[in-house]
Amino acid sequence: MKKSGAAEKRKARRSSASVQNVGRDPSSDTPPRKQAAKQDVYQLFAEKVRDHKDLESRWAVLQETRVEYFRGKDFASFMKNHPELKEILEADRDLETEDIANNLLQKNLLVRCDRVVKTVRPGKKKLSTWPAHLEIFPERVFSENDAFFAWTFVKRRPLWQTLLSFFWPILTLAICLFPVYPHRCKLLILYSCAGLLLLILSLLLLRAAIFGAAWIVLGKRIWFFPNILAEEATLRELFRFLPKKDEEERPKWTARLFYAIVAVLVILLLRHHAPDEAARARYQKRMSNIIDDVLEWSPSLALSGMMEKQPVVNATEDNNKFSNESKVNSETVTPPDETENPDETNQHQTNNTI
């Protein structure tokens with residue numbers, strides 16, 4: 001009886017398993033890792049597109065957060081020029097650009113944004129092509145007409161950033177140990193930093209002079225290295241040499257004439273109050289003394305200087321000094337008090353003679 005019951009249970013299990021296998025789709029029988037890989041194809045596609053150099057993008061502030069964004073029309077033209085990137089999507093490779101962008105929006109890999117300033121500022125002809133401040137757009141639909149889209153995922157850090165973050169504490173410690181460097185290393189670091197600072201100041205002065213001359217003479221705004229002082233610019237945008245097209249109105253000739261007169265007066269004033277050769281030599285000597293004190297500092301010299309400042313104590317000299325002071329004190333006689341009575345003083349003298 002027991003054997004027959006166990007055999008019936010085994011048959012029931014086999015039949016239920018066969019029913020489940022019949023009802024299951026063989027195409028969906030894939031390992032969980034492969035399913036996760038299929039779900040991550042849009043993530044891989046977004047990372048590939050974001051790292052591509054042909055997609056023009058900028059950095060802006062979105063609700064107090066710096067984000068990298070691009071324009072809808074740039075994304076559409078980018079996908080037309082690079083259709084091979086759709087192969088990453090595997091089953092969705094035949095989708096249109098608008099459908100791919102909508103899927104990225106649904107998967108929260110993108111967020112649609114809108115410019116904060118929607119009116120033309122005074123003195124400009126149109127809105128800024130790349131606004132610096134954005135806000136979230138309520139509709140999550142792709143569009144090419146004045147639409148901006150920001151990446152929501154964190155970009156992978158390149159190797160050089162990882163190495164830089166590792167060596168940054170070492171660099172900080174090396175800067176703190178500058179006073180104990182050898183003299184030649186101090187000179188090398190000093191002249192390198194001074195040369196770099198002089199280069200930056202000269203570049204800023206040169207671009208300001210070129211801008212002022214072009215604005216006064218030609219009435220155009222020309223900034224070489226336009227993003228050199230920008231706080232929200234990438235390294236590639238920071239060293240862009242040529243400026244953008246001037247979108248503002250041409251300045252009036254009265255304003256140009258006024259600033260030309262002001263510039264001439266400032267130049268004449270600076271020339272009149274320029275220091276002479278003697279003042280320049282005094283200032284150079286003062287600065288050279290300060291720099292020499294910093295460069296020639298060392299722990300041994302500092303300790304020797306501290307020992308020289310302390311007074312030298314000698315036991316024999318102290319004893320002689322103490323004996324001399326005691327002799328002087330014993331020889332000096334205190335004079336009588338002026339307020340004392342003269343009769344009392346005479347009485348004291350008679351008592352002493354007796």
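- Both cation-pi conditions hold for R112 and F137: the charged atom is under 6.0 angstrom from the six-membered ring centre and inside a 45 degree cone around its axis.
- Using a 30° and 60° split on the angle between ring planes, H82 and F78 fall in the tilted class, from 30° to 60°.
- By the ring-ring contact (aromatic ring centres under 6.0 Å, His included) test, F258 is found to be paired with no residue, residues two or more places apart in sequence or in another chain being considered.
- Considering CD1 of I216 and CD1 of I261, their distance stands at 10.0 Å, rounded to 0.5 Å.
- Ring geometry for W223 against F211 counts as parallel: the plane angle stays under 30°, on a 0 to 90° scale with 60° as the upper cut.
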- Task: Applying side chain to side chain contact (heavy atoms under 4.5 Å, CB included), run through V111 and I136 and close with a yes or a no.
- Result: CA-CA 7 Å; V111 60; I136 297 178; 4.1 Å; yes
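- If you take CG on L110 and CG on N103, they are separated by 11.0 Å, rounding to the nearest 0.5 Å.
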- Evaluate the criterion side chain to side chain contact (heavy atoms under 4.5 Å, CB included) for residue pair L55 and R50; output intermediate values, then yes/no. CA-CA 7 Å; L55 180 61; R50 185 175 183 178; over 6 Å; no
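- Distance check, rounded to the nearest 0.5 Å: NE2 of H272 to CD1 of I267 gives 16.0 Å.
- The side chain to side chain contact (heavy atoms under 4.5 Å, CB included) with V266 is formed by just one residue from the set V264, L270, L269; it is L270.
- When the ring-ring contact (aromatic ring centres under 6.0 Å, His included) test is applied to F45, no partner is found at least two apart in sequence or on another chain.
- Minimum interatomic distance between C113 and A150 (heavy atoms only, all atoms of both residues): SG-CB, 3.8 Å.
- Contacts of E144 classified as salt bridge (Lys or Arg N to Asp or Glu O under 4.0 Å), with partners at least two apart in sequence or in another chain: none.
- Tested against W151 for a ring pair (Phe, Tyr, Trp, His ring centres under 6.0 Å), the candidates F75, F70, W59 yield a single pass: F70.
- Within the 3.5 Å criterion, the main-chain N or O of D94 finds no donor-acceptor partner in the side chain of K86.
- Under a 4.0 Å N-O distance rule, the pair E68/R58 does not qualify as a salt bridge.
- To the nearest 0.5 Å, the span separating CD1 on I189 from NZ on K186 amounts to 9.5 Å.
- Salt bridge status for K118 with E135: present, with a side-chain N to carboxylate O gap under 4.0 Å.
- Side-chain atoms of N81 come within 3.5 Å of backbone N or O of S77 as a donor-acceptor pair.
- Evaluation of the salt bridge (Lys or Arg N to Asp or Glu O under 4.0 Å) rule for E87 yields R93 as partners, not counting sequence neighbours.
- For the atom pair OH (Y42) and CG (L109), the distance works out to 10.0 Å, reported to the nearest 0.5 Å.
- Side-chain atoms of S202 never come within 3.5 Å of backbone atoms of L199 as a donor-acceptor pair (strictly under, hydrogens ignored).
- Remark: the backbone N or O of G212 is not paired with any side-chain donor or acceptor of Y259 at under 3.5 angstrom.
- Judged as a salt bridge (Lys or Arg N to Asp or Glu O under 4.0 Å), and not counting sequence neighbours, R140 has no contacts.
- Taking the ring centroids of W130 and F148, they lie at or beyond the 6.0 Å cut-off.
- The aromatic rings of F149 and F142 sit parallel, their planes meeting at an angle under 30°, below the 60° perpendicular limit.
- Looking at residues two or more places apart in sequence or on another chain, you find a salt bridge (Lys or Arg N to Asp or Glu O under 4.0 Å) between R115 and D146.
- How far CG of L104 is from CD of Q43: 9.5 Å, rounded to the nearest 0.5 Å.
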